[in-house]
Amino acid sequence: MAKEMSGAEMVIEALKDQGVTEIFGYPGGAVLPIYDALFQHNSVRHILVRHEQGAVHAAEGYARSSGKVGVVLVTSGPGATNAVTGLVDALMDSIPLVVITGQVPTHLIGTDAFQECDTVGITRPATKHNYLVKDVADLPRILHEAFTVAATGRPGPVVIDIPKNVQFALGVYKNYKDVPHKTYRPKRDPEDQAIARALDLMAAARRPIFYTGGGIINAGPQAAANLRKLVRLTGFPITQTLMGLGAYPHSDTQNLGMLGMHGTYEANMAMHDCDVMIALGARFDDRITGRLDAFSPGSKKIHVDIDPASINKNVKADVPIIGDVGVVLEKLLAGWKKRKLQADKAALKNWWAAIKGWRQRDCLSYRRKSDVIMPQYAIERLYALTKKHDTYITTEVGQHQMWAAQYFHFEEPNRWMTSGGLGTMGYGLPAAIGVQMAHPKALVIDIAGEASILMNMQEMSTAAQYRLPVKIFILNNQYMGMVRQWQELLHGSRYSESYSEALPDFVKLAEAYHAKGIRCSDPEKLDAAINEMIAYPGPVIFDCLVDKMANCFPMIPSGKAHNEMILNEEAGSDIGGVIDAKGRQLV
Amino acid sequence: MSTSHYPAARPDEPIQRHTLSVLVDNEPGVLARIVGMFAARGYNIDSLTVSETSHEAHVSRITVITSGTAQKIDQIKAQLSRLVPVHRVTDLTVSGPSIERELAMVKVVGKGELRVEAMRLAQAFGARAVDATLESFVFEITGVTEDIDRFIDMIQPCGLVEVARTGVAAMQRGTAST
């Protein structure tokens with residue numbers, strides 16, 4: 001039904017029609033009309049963050065944990081530029097967001113007006129698509145189109161820049177929710193021929209492996225369920241990327257765990273030696289492939305991706321399949337059953353025997369200490385003690401993130417929120433706030449480092465304001481640990497600026513933010529302290545003082561192949577010689 | 001430059017030149033989107049022309065000539081296709097026989113014998129004088145890029161002072177349309 005209203009009211013109306021119940025934002029001069037409309041309606045709840053970057057990460061956490069589109073509202077100029085890191089983060093990790101930015105009135109655009117910036121220019125390479133709305137008549141269509149573009153195909157962030165006079169202008173609102181887009185038609189259905197070729201390869205495989213990524217999680221819970229069925233039906237081993245953790249239950253015997261730079265030995269060796277690789281919703285990122293010209297040299301590769309540009313970008317696919325991985329999984333499953341295909345049982349038995357050998361290396365083993373908490377141990381205990389709860393994990397970026405990926409385990413999708421592609425320190429706390437908004441009763445923990453957490457620490461205020469009981473579990477080693485680890489690998493252990501000097505007292509800091517602070521440095525007391533954190537009904541900052549010099553292994557050093565991992569036991573104290581001159585150039 | 005942090009040199013792969021015809025919604029910023037994508041991903045633009053071709057439908061045709069390995073050309077096409085306002089990407093180099101044309105305006109300044117020589121050359125190349133003074137000509141020449149290059153080379157000694165070129169417009173031969 002068409003109704004006359006202001007542009008600002010259209011925004012609220014469109015959010016309502018899209019089923020949006022929570023948005024994250026920060027007001028300012030150029031979005032005041034929208035904030036006024038928010039004030040007068042109660043269909044949408046607004047969560048006031050303390051920095052616009054926090055709003056975007058919160059929306060990412062909300063979206064990733066709930067499967068909905070995350071929505072952000074910020075002002076022009078600095079409001080928009082502060083949001084840019086979050087936008088690129090969402091773009092890299094394929095998180096659906098609609099970010100509404102205020103803009104100076106159209107007659108002031110281009111005059112260097114107060115709080116003016118070229119938002120669409122700045123965010124063009126930071127978004128999947130963006131719009132500058134110059135006429136209120138276009139606004140209803142654009143608002144709904146933005147949701148379609150953000151959520152379908154390969155998901156991503158969409159910016160709508162709305163000048164202040166367009167927010168005030170009156171126009172006719174219409175719900176365009178189900179009106180198809182003029183040109184945008186992402187391909188969901190794969191070609192039957194490609195499915196058939198994939199099934200042929202799978203049935204003839206002697207050393208197959210499923211390599212699965214974040215695309216499975218984006219495709220929804222049904223895709224994860226079908227993945228389980230297909231993996232069990234075929235009897236093939238499966239490994240996941242950082243973004244794909246949880247899509248397949250960790251505890252399942254066919255799961256080799258995470259692959260890539262800090263993945264497991266068995267996963268990387270299996271990737272290297274396989275003869276058929278079935279890549280599902282994963283994009284052959286450099287953290288996954290290691291040295292490209294030595295990447296899985298003997299395998300035929302089936303690559304399923306909804307984004308045609310992901311196929312053949314880094315690694316050549318023998319059977320490219322463009323489509324929604326959920327649909328593809330259904331078709332593979334149906335085809336395997338219909339054609340009564342059988343895996344090569346004898347070959348598979350040998351393959352599993354080889355995998356068993358790699359598993360026996362026990363690559364995630366580490367030496368525990370009685371006087372100091374090892375970071376790996378802290379995560380293991382955190383996992384053991386939160387297992388029975390309805391737990392969601394977010395992380396910051398660095399060593400703690402990799403330890404969390406290695407030692408915290410997931411049985412279900414949408415439980416693990418981390419900044420994979422962009423590697424944004426400061427992601428975890430605001431993301432945890434977004435997750436907690438989507439799941440008010442759940443136990444939400446941000447596994448953090450003492451350096452990362454300070455990057456968006458101001459969001460503790462948001463947690464306090466909305467009584468969000470998020471737990472921040474800091475592995476405090478007083479170093480930017482991953483930076484220090486690379487300085488040991490590449491720069492003669494010259495710890496240039498990687499020591500966390502003048503750290504705050506995190507317990508007092510928690511108290512200053514109306515939260516509870518807990519500190520623990522004794523392995524004996526760790527369990528009790530973690531239980532205290534879990535039991536506390538409000539936000540907690542847990543300052544877990546861990547071994548200062550522990551490094552993250554196993555590791556594929558830069559410039560090396562999957563079968564050239566460094567393991568914990570080999571690493572010893574001197575790791576300065578493992579990367580050659582060529583590898584030093586890489587990141 | 002390798003597209004990855006990790007070396008995957010394929011030095012033996014030949015560089016090919018491809019002409020892509022890209023149909024887009026003529027909305028603000030669409031050219032910036034296309035050009036920005038090329039710049040951000042390190043692709044080459046050898047030639048670019050753009051103009052609205054259907055005023056009612058607000059559709060523009062962008063003709064872009066780019067070069068790279070076969071793998072890179074495929075990437076460019078995929079990256080173009082995923083931009084929201086792009087309707088269609090056609091690779092005229094592989095889609096069958098096509099024609100390419102470019103227009104150039106060439107200004108020569110000179111007197112006497114050089115003037116006569118310039119006229120002779122223009123005639124030989126089928127260029128038309130669209131402006132003339134006692135000391136100058138502006139020639140208009142239409143043709144494939146190589147012909148225009150040759151004309152400009154040849155006319156250089158006759159007092160060439162300025163060249164303006166449109167870049168290439170291209171289309172499939174026969175009944176096919178993109």
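What you see below is based on every heavy atom in this structure, not just the backbone, and it leaves out hydrogens, waters and symmetry mates. Each chain gets a letter, A, B and so on, in the order its sequence line appears, and its residues count up from 1.
- Between the Lys128(A) side chain and the Val149(A) main chain, a donor and an acceptor come within less than 3.5 Å of each other.
- Within the 4.5 Å cutoff, the side chain of Asn130(A) has heavy atoms near those of the Arg124(A) side chain.
- Looking at Asp74(B), there are no atoms closer than 4.5 Å to chain A (heavy atoms on both sides), in backbone or side chain.
- Contacts between Arg185(A) and chain B at a heavy-atom distance below 4.5 Å are absent for every atom of the residue.
- Residue Glu191(A) qualifies as open at atom CD: its count of foreign heavy atoms under 6.0 Å is 12 or below.
- The stretch residues 122-138 of chain B places none of its residues near chain A, where near means some heavy atom under 4.5 Å from a heavy atom of that chain.
- Here the side chains of Gln103(A) and Ile162(A) are not in contact, with every heavy-atom distance at 4.5 Å or above.
- Neither the backbone nor the side chain of Leu132(A) comes within contact range of chain B, judged by heavy atoms closer than 4.5 Å.
- Contacts between Ala40(B) and chain A at a heavy-atom distance below 4.5 Å are absent for every atom of the residue.
- Within the model, atoms OG1 of Thr289(A) and CZ of Arg283(A) stand 10.5 Å from one another, a figure rounded to the nearest 0.5 Å.
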Throw together a table of side-chain donor-acceptor distances under 3.5 angstrom for residues 59-66 of chain B, partners on residues two or more places apart or in other chains.
residue  : atom : partner   : partner atom : Å
Arg61(B) : NH1  : Ser21(B)  : OG           : 2.8
Arg61(B) : NH1  : Thr178(B) : OG1          : 2.9
Thr66(B) : OG1  : Asn44(B)  : O            : 2.6

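- For Gln75(B), the part lying under 4.5 angstrom from a heavy atom of chain A is the side chain only.
- Residues of residues 90-119 of chain B having a heavy atom under 4.5 Å from any heavy atom of chain A: none.
- For chain B, the nearby part of Lys182(A) is the side chain; its heavy atoms alone come within less than 4.5 Å.
- With a 4.5 Å cut-off on non-hydrogen atoms, Ala57(B) touches chain A through its backbone but not through its side chain.
- Neither the backbone nor the side chain of Val120(A) comes within contact range of chain B, judged by heavy atoms closer than 4.5 Å.
- At least one donor-acceptor pair closer than 3.5 Å links the side chain of His562(A) to the backbone N or O of Ile288(A).
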Kindly list each side-chain donor-acceptor pair under 3.5 angstrom involving residues 148-164 of chain B, sequence neighbours excluded, with atom names and distances?
residue   : atom : partner   : partner atom : Å
Asp149(B) : OD1  : Arg165(B) : NH1          : 2.7
Asp149(B) : OD1  : Arg165(B) : NH2          : 3.0

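- Ranked by non-hydrogen atom pairs under 4.5 Å with chain A, the options Arg82(B), Lys77(B), Arg88(B), Glu27(B) are led by Arg82(B).
- Contact annotation for Val24(B): neither backbone nor side-chain heavy atoms come within less than 4.5 Å of a heavy atom of chain A.
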